[in-house]
Every structure is written in C-alpha cells, then in structure tokens.
There are 2 protein chains.
Amino acid sequence: MDTSLTDRDTDAGLRIRSAAVLLFARQGYAATSIRDLARAVNLTNAGIYHHVSSKEALLADLMRAGHRGLIDATARLLDGVQQPSDRLALLIASLTAIHARSPLTTRVMDGELRSLTPGSTAHDEIIALRDEYEDHWRRALADGAGQGVFRVADQKLSRLALMSMCTGTSEWYRPDGDSSLEQVCAEFVAIGLAAVRAPARPTASADLSLLPDFPWEPPDA
Amino acid sequence: MDTSLTDRDTDAGLRIRSAAVLLFARQGYAATSIRDLARAVNLTNAGIYHHVSSKEALLADLMRAGHRGLIDATARLLDGVQQPSDRLALLIASLTAIHARSPLTTRVMDGELRSLTPGSTAHDEIIALRDEYEDHWRRALADGAGQGVFRVADQKLSRLALMSMCTGTSEWYRPDGDSSLEQVCAEFVAIGLAAVRAPARPTASADLSLLPDFPWEPPDA
DNA sequence: GGGGGCCTACCGAACGTTCGGTTGCGTTGA
DNA sequence: TCAACGCAACCGAACGTTCGGTAGGCCCCC
C-alpha cells in the first residue's frame, strides 16, 4: 500500500525548475539549451513551453524566488535582535548557510544577473531585491560603527569583503566535506567580528531552521 | 609628428585578446560569439580564424597566460620572505590587487573554467595551474600554524574564506571609487591577519609593481 | 611573385520559439 | 449511464536565426 505523500514529483513545473537550477549552475544559463532542460525532465523542447513562457522568464522566476526567500528569512532572523554584533553575526551565519545548503540556487542568483536583458522589468526587479537585501548589511554596519562597537576603516569595504567570503561558500562547500555547516558558520562569524574589531562575541547563534529551503534545489551535488 | 611607441595596437592578436577578455568577462564565454568578437575588432568572423585556432583555444590561452602571470608574480613577491604572517599579507595584498587592477582577466580566470571541455588538455592544465597557485596559500597557512604564529581552527576554511574575499574584488572595485587600491589591500590584509589571529602585523608591504600587467587587459571598465 | 592578412560566401548544426494536433482525464447534461 | 465537451499536458515538425568553423579568392607589401 502506498503511504507516501501522493504525487510529490509529478508537478512538472517544480521538476523543470529543479533541473533548470542544476543546469544553470553547472553550465551557466547561456550554455544551457531548452533541449538540455527538456532531456533532463523527459519532455520534448516543445513540452517545456507548456510550463514556461520563455527561457529568460524561467531564469527570472528562479532568481526572484531565491532573493525573496533570502530577504524574508533574513528579516525573520534579525527580528528583535538589537546588538549590532549580534545582527552582523546572524547576517554572516545565514548568508553562509544558505550558500552552503542551496549552492545551486545561490550560484544562479549571484552569477546570472548579467543573463537578464538589461533594462528589462525582471532585470531591474532583481537589482532592487539585491539592494534590499544588502541594506540589512549596510544598516548593521552603520549601527555598529555609529555606536562605536565596530571600529572599521570603511564600512563598504568591510561589507563587500565579508559578503564575498560568505557567498564564496557555494563554490566549495560539500556536506560530506571536512567541516560541518556549523563549523563553517562559527568560523566565518569569528572572522567577521574580528574584521570589524567587535569585542568578544556574545549571545545567540543563528536558528538555521528559519532559512528557506528552496523546493526546487536538487538534493545532490 | 608621431612620437608614440610605433604600432602598439596594430597587433591583431593582442587586439583580439583584448576584446575577448572584455566580452568574456561582461557576457560570459558561452554568450559571446565569434561574430561579436569580430565586430569589436573590425574584422569578419572568418578573419578571426586567421589569428586564432578556435574559440576555446582563445579562452584557454587567456586563462593559461593569466594564471602563469599570477603564479610568477607571486613567486617573485614571496621570494626570500620568511615570516608566515608576512607571506600571508603578501598573498592577500597581491591577490586583491591583481583582481582590482585586472578585473576582466581575473573574472575570466575565476569563472570560465567550466567552459573548457572537461577532460581536455587545456582544462586539466588550467586546473593544475590553479592548484599550483593555491599551494602558495596552503604552505603559508601550514607554516604559520606549524610555527604557532597562526591560531586557526581549520586551515582550509580560512584559506577559502580569505581567497574569496580577495577574488571578490574584481566584482566591485572601481579605480575611481571610494577607496584606493592601497586602502583596500591594507584593510584586507588587516582582516586576513585577524582571521588567523596573527599578532600585530609587521614589516614590508607588497611591491605592487611586481604584479603582472596583462597587455590585453582593456584600460576601461 | 609569393605569402601574410583579410575578405565574401557558405556549410551543417543547433538555437529559442511556435504551431497544429493528439491523448486522456474530469465535468456536465440528458 | 453515457455521450459530449473542455482543457491540461504533451508531441512532432518546422520556423527563422545564429552558431562555430571552412573554402577559396583578392590585395598589398616585401
């Protein structure tokens, strides 16, 4: 008897997104053809267009949903947290964790902006979402510097350095590798707080269960 | 009267490389056609093939020369430098500086490995060159940890974090931006040494004139 | 006069996308 | 109860365009 949750992966739309994020992350958007995608989900190239209006719209959908998930999760995580060093620690841990847990989606989010037609609605929208996310970092660093708890030569410089460190995780992290996700996050938080000369780090660690689990992120590497 | 250095940019090979690195960095290798490249250097697509054996060979050439330049410059910079913290500082400053000064070439080097046919001679060669470069980092961190001057939870983790910080520079640095190249390098060195808990940083700063100037790197942004 | 440098013209293949058609399931009306 | 209908899901074939690459010839300079 079948006790499982019905037809989980019969939803073609989800399977297409899943294959798309895998191929876009591995080969890049431009090097991935609709036929590649169709083969991966056992459809013909024409069949894809029943579920997707265009190749670029598919990319835009993935990027939009990814950014919204990140922004929402970040807002939930930071909710009520006051100390700038706590906020920065949460930002570092969560950005690192999402890049480790959803490396394919984040690689597409971080690297395929240039594949959206410049000036298109989708392109502008993704830029706005990215800015909205980065504002969390800007505010945390500005608050910390304003309160004198961070001593930092250049807020923008520090932010870019730390964000690069976190986003780079999607390029090398493997769940079965040498370090656990918790170790990576802890180490990166330590580096980040040292970078802004924050005094000994305190209090709560990030509740990673608040992070989004993108339903289309393939489970494998 | 023309007092300039003769026919600098009449060398078609160089102009092609210059345009290629610009287009590959901006649009990606897969999204750049031979015809795009030809238009950029005022040739026809067929004319390109008089100077280049294939599109992929052109990419491989750029990546190979870029990596060799980086490796050679790093060896020169580190020559005779003993202290692990000095070596690490030089590695951080030089990797940051080359990504700031040659953002297009480094973006291609860092991001287009996947565009080389897997298993091809060129692909394997570039991987070997990248490993050869990273060994400089591995040795510096191992030496520092071995001598007890670095206190670091995980050498690989620290290396990846710091290298991501440095390579990220090519994505945002602008010569006319808020911070000078020297400021960026100094700040990143400070962050890096704090990351490995090195005691107060000492001695020589990097002689950036030892870094390679890729002749094909376009001067503009 | 011969070769480097570049052209016009073209090839076969692959591209994103569209179109007309078929299948099969769920709902409806008599 | 069952024919009739609607519609989501998909396919095979083709559209026009662009792709990486090639063949052969023209021109200019040594």
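Here is how names work: the chains are called A, B, and so on, in the same order as the sequence lines, proteins then strands, and each is numbered from 1.
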- Would you say a side-chain N or O of B:His51 is under 4.0 Å from OP1 or OP2 of C:dC6? yes

- Note on the structure: For B:Ala65, the side chain to side chain contact (heavy atoms under 4.5 Å, CB included) test, sequence neighbours excluded, returns B:Trp216

- So which pairs with a foot in residues 40-49 of chain B pass side chain to side chain donor-acceptor pair (under 3.5 Å), sequence neighbours left out? none

- Please round to the nearest 0.5 Å and tell me the distance separating atom OG of A:Ser54 and atom CD1 of A:Ile48. 12.5 Å

- Message: Using a strict heavy-atom distance below 4.0 Å, which residues from residues 115-125 of chain A are in contact with DNA chain C?
- Response: none

Got a list of side-chain donor-acceptor pairs under 3.5 Å for residues 158-165 of chain B, not counting sequence neighbours?
unit_1   : atom_1 : unit_2   : atom_2 : d
B:Ser158 : OG     : B:Asp154 : O      : 2.9
B:Ser164 : OG     : B:Leu160 : O      : 3.0

- Task: Using the test side chain to side chain contact (heavy atoms under 4.5 Å, CB included), find all partners of B:Ala97 that sit at least two apart in sequence or belong to another chain.
- Result: B:Leu181, B:Cys185, B:Leu208, B:Leu211

- Query: Quick one: B:Leu43 CG to C:dC6 P, roughly how many Å, whole number?
  - Reply: 6 Å

- Please give, in whole Å, the distance from D:dC11 C1' to A:Ile48 CD1? 12 Å

- Query: Counting just side-chain N and O atoms, does B:His50 come under 4.0 Å of either OP1 or OP2 of C:dC6?
  - Reply: no

- side chain to side chain donor-acceptor pair (under 3.5 Å): which pairs involve residues 122-133 of chain B, sequence neighbours left out? B:Arg64-B:Glu125, B:Arg68-B:Glu125, B:Tyr133-B:Trp137

Could you write out each protein N or O paired with an N or O of nucleotides 14-20 of chain C at a distance under 3.5 Å?
unit_1 : atom_1 : unit_2  : atom_2 : d
C:dC15 : OP1    : A:Ser33 : OG     : 3.4
C:dG16 : OP1    : A:Thr32 : O      : 3.4
C:dG16 : OP1    : A:Lys55 : NZ     : 3.0
C:dG16 : OP2    : A:Ile34 : N      : 2.9
C:dG16 : N7     : A:Arg35 : NH1    : 3.0
C:dG16 : O6     : A:Arg35 : NH2    : 3.2
C:dT17 : OP2    : A:Tyr49 : OH     : 2.4
C:dT17 : OP2    : A:Lys55 : N      : 3.1
C:dT17 : O5'    : A:Tyr49 : OH     : 3.3
C:dT17 : O4     : A:Asn45 : ND2    : 2.8

- ring pair (Phe, Tyr, Trp, His ring centres under 6.0 Å): pairs with one or both residues in residues 22-48 of chain B, sequence neighbours excluded: B:Phe24-B:Tyr29

- Among all residues two or more places apart in sequence or in another chain, which pass the side chain to side chain contact (heavy atoms under 4.5 Å, CB included) test with B:Gln183? B:Ser179, B:Ser180

- Task: Using atom CG of B:Asp11 as one end and atom C1' of C:dG5 as the other, report the distance to the nearest whole Å.
- Result: 13 Å

